[in-house]
**Student:** 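Okay, here's the structure, questions in a sec.
Since the model is a prediction, treat every value here as computed from it, not as a measurement.
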Amino acid sequence: MEKFDVTDICRQKLAEAGGKKFGENSVSSLDAEQSIVYHGIGDICLFLRNCLHNNTVERRQGRVRKTMIRLTDVVKEYPNGTHALNGLSMEIQDGEFVFMVGPSGSGKSTVIKLLIGEIEPSAGRVMVNGFSLQNIREWQIPHMRRTVGVIFQDFRLIDHKTVYDNMVFAMRAVGAGPREIKKRIPYCLNLVGLENKGRRLPTELSGGEQQRVAIARALLNNPSTIIADEPTGNLDPARSLEIMRLLERINALGTTVLVVTHEKDLVNRFDKRVVMLERGRVVSDGKGWYGRR
């Protein structure tokens with residue numbers, strides 16, 4: 001196994017972008033395009049350096065393997081005494097499409113909260129896209145969250161803002177500039193088939209269209225991983241199937257996808273990996289069928 005270092009590469013690329021050494025604060029001399037390159041390379045450096053630290057990127061027989069999500073012996077006990085996770089372990093590799101299923105109270109929502117850094121485990125280790133969430137520094141958290149796109153059941157759109165303005169709001173929240181916003185939003189809307197809906201309000205859209213807006217928003221920062229929390233929970237069967245096929249197409253473009261759901265019939269229509277949780281543990285992990293042990 002041959003490990004590789006990227007420090008010199010990062011410094012070289014930052015110099016080409018016109019910036020200072022990685023880690024220094026002042027980038028005020030950069031123009032808009034250079035700033036995008038600078039921050040993009042910074043994110044790549046952070047990702048690769050954390051991957052190397054956690055032994056998640058390896059060169060093995062000329063091929064790079066990446067673990068995007070890793071939970072190791074994770075325990076989560078809430079302050080009220082509820083044991084949500086009891087030694088849960090699982091891994092998701094780069095480019096996988098995975099369903100996480102299980103009954104209410106099995107720990108699915110807790111896993112999502114851990115993966116987006118909303119809560120911390122009581123014990124065990126959580127790694128997301130090269131970041132160890134036990135050792136992550138406060139300044140690294142925004143970088144980590146930019147690598148993860150989250151899709152919620154209730155869409156979470158701002159009703160008084162247009163579709164386009166909802167997406168502008170999301171991009172400005174992570175510091176994107178006007179040039180990046182102008183380029184990225186039309187691309188993401190086109191990807192989900194809503195290129196002509198940018199000036200509509202969320203209330204003027206169907207439930208399926210609102211969820212597609214939520215998917216487009218999750219793609220804005222070009223995340224390496226998409227986490228969908230019950231993305232079809234408020235939709236009829238036809239729209240649910242439409243959303244799942246859209247996520248499948250996004251996965252085909254190279255994005256790792258984790259879908260948390262309880263809809264057996266929908267899961268069983270897709271030949272994907274299915275991880276089943278019960279009482280805070282993985283009780284089955286296989287391909288193609290919800291409920292198979």
Side-chain angles (χ1 to χ4, degrees), residues 6-7 10 14 19-27 35-57 66-79 84-85 88 90-92 94 100 107-152 156 158 166-177 180-181 184 214 217-229 255-258 260:
V6 296
T7 303
C10 291
L14 286 172
K20 298 184 178 181
K21 287 184 179 180
F22 177 75
E24 295 185 14
N25 293 326
S26 177
V27 293
S35 179
I36 292 170
V37 173
Y38 177 89
H39 290 293
I41 293 170
D43 288 346
I44 293 169
C45 292
L46 283 170
F47 170 70
L48 290 175
R49 291 175 68 188
N50 277 277
C51 284
L52 289 167
H53 177 72
N54 290 286
N55 295 320
T56 58
V57 175
K66 293 185 286 185
T67 300
M68 308 307 285
I69 292 173
R70 174 182 290 154
L71 296 95
T72 306
D73 300 324
V74 175
V75 174
K76 179 59 184 179
E77 180 180 358
Y78 288 102
L85 300 178
L88 184 144
M90 63 174 288
E91 291 187 3
I92 298 177
D94 185 21
M100 180 181 291
K108 303 189 301 296
S109 295
T110 296
V111 169
I112 291 178
K113 291 177 182 179
L114 286 168
L115 295 180
I116 64 177
E118 187 174 315
I119 60 175
E120 297 180 357
S122 303
R125 300 190 64 184
V126 179
M127 187 279 291
V128 178
N129 295 340
F131 292 90
S132 174
L133 299 193
Q134 286 67 54
N135 303 319
I136 195 169
R137 298 178 181 178
E138 185 175 351
W139 64 269
Q140 291 178 305
I141 293 175
H143 292 281
M144 182 276 290
R145 287 179 173 162
R146 287 176 67 178
T147 72
V148 181
V150 185
I151 302 165
F152 298 99
R156 300 194 182 183
I158 303 172
N166 264 276
M167 301 183 78
V168 169
F169 181 83
M171 293 198 74
R172 285 179 176 166
V174 296
E180 188 179 5
I181 289 172
R184 187 69 185 170
R217 181 182 57 193
L219 294 170
L220 286 173
N221 293 314
N222 197 23
S224 54
T225 302
I226 290 286
I227 299 174
D229 182 13
T255 305
T256 305
V257 175
L258 172 63
V260 178

**Student:** Between Asp73 (side chain) and Gly124 (backbone), is there a donor-acceptor pair under 3.5 Å?
**Tutor:** no
**Student:** If we only count heavy atoms from C-beta on, is the Ile227 to Ile151 side-chain gap below 4.5 Å?
**Tutor:** no
**Student:** Roughly how far, to the nearest 0.5 Å, is the CE atom of Met144 from the CD1 atom of Ile136?
**Tutor:** 4.5 Å
**Student:** Is there a side-chain contact between Ile226 and Val148 (heavy atoms, below 4.5 Å)?
**Tutor:** no
**Student:** Look up atom CE in Met127 and atom CZ in Arg125, then write down how far apart they are to the nearest 0.5 Å.
**Tutor:** 9.0 Å
**Student:** Would the number of heavy atoms belonging to other residues, nucleotides or ligands and lying under 6.0 Å from CD of Gln134 be above 12?
**Tutor:** yes
**Student:** Taking Thr147's backbone N and O only, do any of them form a donor-acceptor pair with Asn129's side chain (distance below 3.5 Å, no angle check)?
**Tutor:** yes
**Student:** How long is the span from the CG atom in Asn222 to the CD atom in Glu180, to the nearest 0.5 Å?
**Tutor:** 9.5 Å
**Student:** Leu85 versus Val75: any side-chain heavy-atom pair under 4.5 Å?
**Tutor:** no
**Student:** Would you find a donor on one side and an acceptor on the other, under 3.5 Å apart, between the side chain of Arg184 and the backbone of Leu219?
**Tutor:** yes
**Student:** Do you know which two heavy atoms are closest between Pro223 and Gly149, and how far apart they sit?
**Tutor:** CB-N, 3.5 Å
**Student:** So how far is it from Glu91 CD to Thr67 OG1, rounded to the nearest 0.5 Å?
**Tutor:** 4.5 Å
**Student:** Could you check if a side-chain atom of Tyr78 sits within less than 4.5 angstrom of a side-chain atom of Ile119, using non-hydrogen atoms only?
**Tutor:** yes
**Student:** Which pair of heavy atoms, one from Ala84 and one from Thr110, lies closest together, and at what distance?
**Tutor:** CB-OG1, 3.4 Å
**Student:** Answer yes or no: is there a side-chain heavy-atom contact under 4.5 Å between Arg217 and Met171?
**Tutor:** no
**Student:** Just wondering, are more than 12 heavy atoms of other shown residues or ligands nearer than 6.0 Å to CZ in Phe169?
**Tutor:** no
**Student:** Closest heavy-atom contact between Leu220 and Met167?
**Tutor:** CD2-CE, 3.4 Å
**Student:** Give, for atom CG of Asp94 and atom CE of Met68, the distance between the pair rounded to the nearest 0.5 Å.
**Tutor:** 4.5 Å
**Student:** If I compare all heavy atoms of Pro142 with all of Glu138, which pair ends up nearest, and what's the gap?
**Tutor:** CD-O, 3.5 Å
**Student:** What heavy-atom pair brings Arg70 and Thr72 nearest, and what distance separates the two atoms?
**Tutor:** CG-OG1, 3.5 Å
**Student:** How many angstroms lie between atom CD1 of Ile69 and atom CG of Leu258, to the nearest 0.5 angstrom?
**Tutor:** 5.5 Å
**Student:** So, for Leu115 and Leu133, which heavy atoms are closest and what is the spacing to 0.1 Å?
**Tutor:** O-CD1, 4.3 Å
**Student:** State, yes or no, whether a side-chain contact exists between Lys76 and Ser122 at a heavy-atom distance under 4.5 Å.
**Tutor:** yes
